[in-house]
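The next block holds one structure in the form of structure tokens; read it before the comments.
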Amino acid sequence: MRAAVLHTPGSDLVVTDVTLDDPEDGEVLVRIVATGVCHSDLSVVRGAVEVGLPLVPGHEAAGVVERVGSMVTRVRPGDRVVLSWAPNCGHCFYCAQAHPTLCDVYVAAAGKGRLWDGTSRLRIDHRPLHHYSCVSSFAEFAVVPESGCVALAADVPFEVAALIGCAVTTGFGAVVRDAGLRAGDSIAVIGVGGVGVNAIEAAALSGAAAIVAVDSNVAKKPVAYDYGATHFVNALDEDAVEQVRALTSGRGVTHTVECTGNPTAMSRAYEMTRPGGTVVMVGIARQGAVLSVPATGFPGSKKRIVGSIYGGGAPDVDFARISALYLSGRLQLDRQVGTRFVLDGINSALRRLEDGAPGRSIIQFD
Ligand SMILES: [Zn+2]
Ligand SMILES: [Zn+2]
């Protein structure tokens, strides 16, 4: 099959023939129909996040089950599925404590670029290739753990389903689960990208009284308003924090969702959140980066700083909830689909993301 391979961080992906072995026990072979190009993929390709090499990136995807290994009970050939980039074993320390995205088996496998049993199904020139987050969807097919396959409602198009597989769930859950936004609250969303627009839309759907979009690119202003933002603040302004406070009775916002992973923006997220409020950190920072917040006054601030991964950590449940909101017309996800590419256009799609072009780029397969 054909796949996009990362040999050297900082270089283009190479679209080439690779070998994909049959699914083992508890694994599923999925034909990828659509895969989104996410900032996490870009970070890996550009070398901002360290991974084992060579590797097939891609983690935001939907497709059709082609074949299943033995002992698979969750899906059958022909099923339409969204892939989860945080499959879980269901019985380890963290799974038992209802933290499936912290699953010991998943964290160990994903950290090594392998599947559950510590081996790879992907090979190039007889050498093993690394899987990315147990998905590797920049390829015509993927072998994934059974728990990485989540049933997809019949009327949800594959390209929308792919976005539900990462950006939508991450932004939606950051607001609804991790911030716990209630009607009448205020919120700032830093970074109006693939995740940020979903945080804005979820805040609007949840009845936020004020939604302040913060971005260094003023071209994102109309995009933010389209999704339901009530204000826009240029992140490059010296007084960006004061502007956010001024827009919210001088106190600051009830919640801030930080989507950029930029340490300065993360500190500002803390500052623009009012005492008693919640700061939700979604953006992935560069290797070795440190978050700095004032120690003085921290206890009295009663602020909560929450690490948010995959929208609060119940992707299977959220895929279904989000699909239902989409099908009822409450979440308008079609408009998030930006430019469509074939696999050979993957490097153009990554550059488009890097340039801050609006809309999610989608790689489509026949
Ligand atoms: Zn992603
Ligand atoms: Zn587990």
Side-chain angles (χ1 to χ4, degrees), residues 4 6 26 32 34-46 48-49 51 55-62 74 82-112 114-118 131-138 142 144-148 150 159-174 191 193-199 257 259-261 281-285 308-316 318-319 322 333 336-338 346 349-350 352-354 359-363:
L6 178 67
I32 305 296
T35 180
V37 181
C38 175
H39 218 279
S40 302
D41 299 309
L42 183 65
S43 296
V44 163
V45 174
R46 295 294 184 253
V49 173
V51 289
L55 166 132
V56 176
H59 63 281
E60 182 181 87
R74 193 170 158 137
V82 187
L83 299 187
S84 163
W85 53 255
N88 65 92
C89 77
H91 48 72
C92 72
F93 175 82
Y94 281 116
C95 283
Q97 304 208 23
H99 285 303
T101 52
L102 298 178
C103 170
D104 289 329
V105 180
Y106 159 68
V107 169
K112 293 192 196 95
R114 301 295 191 228
L115 295 182
W116 268 195
D117 66 354
H131 293 251
Y132 181 48
S133 216
C134 298
V135 179
S136 288
S137 58
F138 290 170
V144 302
E146 174 179 16
S147 64
V150 183
E159 52 191 17
V160 167
L163 302 191
I164 292 173
C166 184
V168 181
T169 299
T170 300
F172 178 90
V195 172
V197 295
N198 283 291
V257 173
C259 305
T260 70
M281 301 296 190
V282 178
I284 308 294
S308 180
I309 187 93
Y310 225 159
D316 299 31
D318 289 349
F319 290 176
I322 290 166
L333 303 179
Q336 290 184 30
V337 177
I346 184 66
L350 287 165
R352 196 175 170 280
L353 177 61
E354 207 159 32
R360 196 66 147 187
S361 295
I362 301 273
I363 308 296

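Start at 1 and go down the list; that is how both ligands and their atoms are numbered.
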- Item | Closest non-hydrogen atom pair between P145 and L115, with its separation | CD-CD2, 4.1 Å
- Query: Is any side-chain heavy atom of L333 closer than 4.5 Å to a side-chain heavy atom of I322?
  - Reply: yes
- Let me know which of F319, Y310, Y106 forms a ring-ring contact (aromatic ring centres under 6.0 Å, His included) with W85. Y310
- Task: Indicate if the distance from the Zn ion (ligand 2) to the nearest N, O or S atom of C92 falls below 2.8 Å.
- Result: yes
- Does H39 bring an N, O or S atom to within less than 2.8 Å of the Zn ion (ligand 1)? no
- Query: Taking E146 for the side chain and R74 for the main chain, is one N or O donor matched with an acceptor at less than 3.5 Å?
  - Reply: yes
- Message: Given the Zn ion (ligand 1) as the apex, I'd like the angle to NE2 of H59 and SG of C38, rounded to 10 degrees.
- Response: 110°
- Item | Vertex the Zn ion (ligand 2), arms to C95 SG and C103 SG, rounded to 10° | 110°
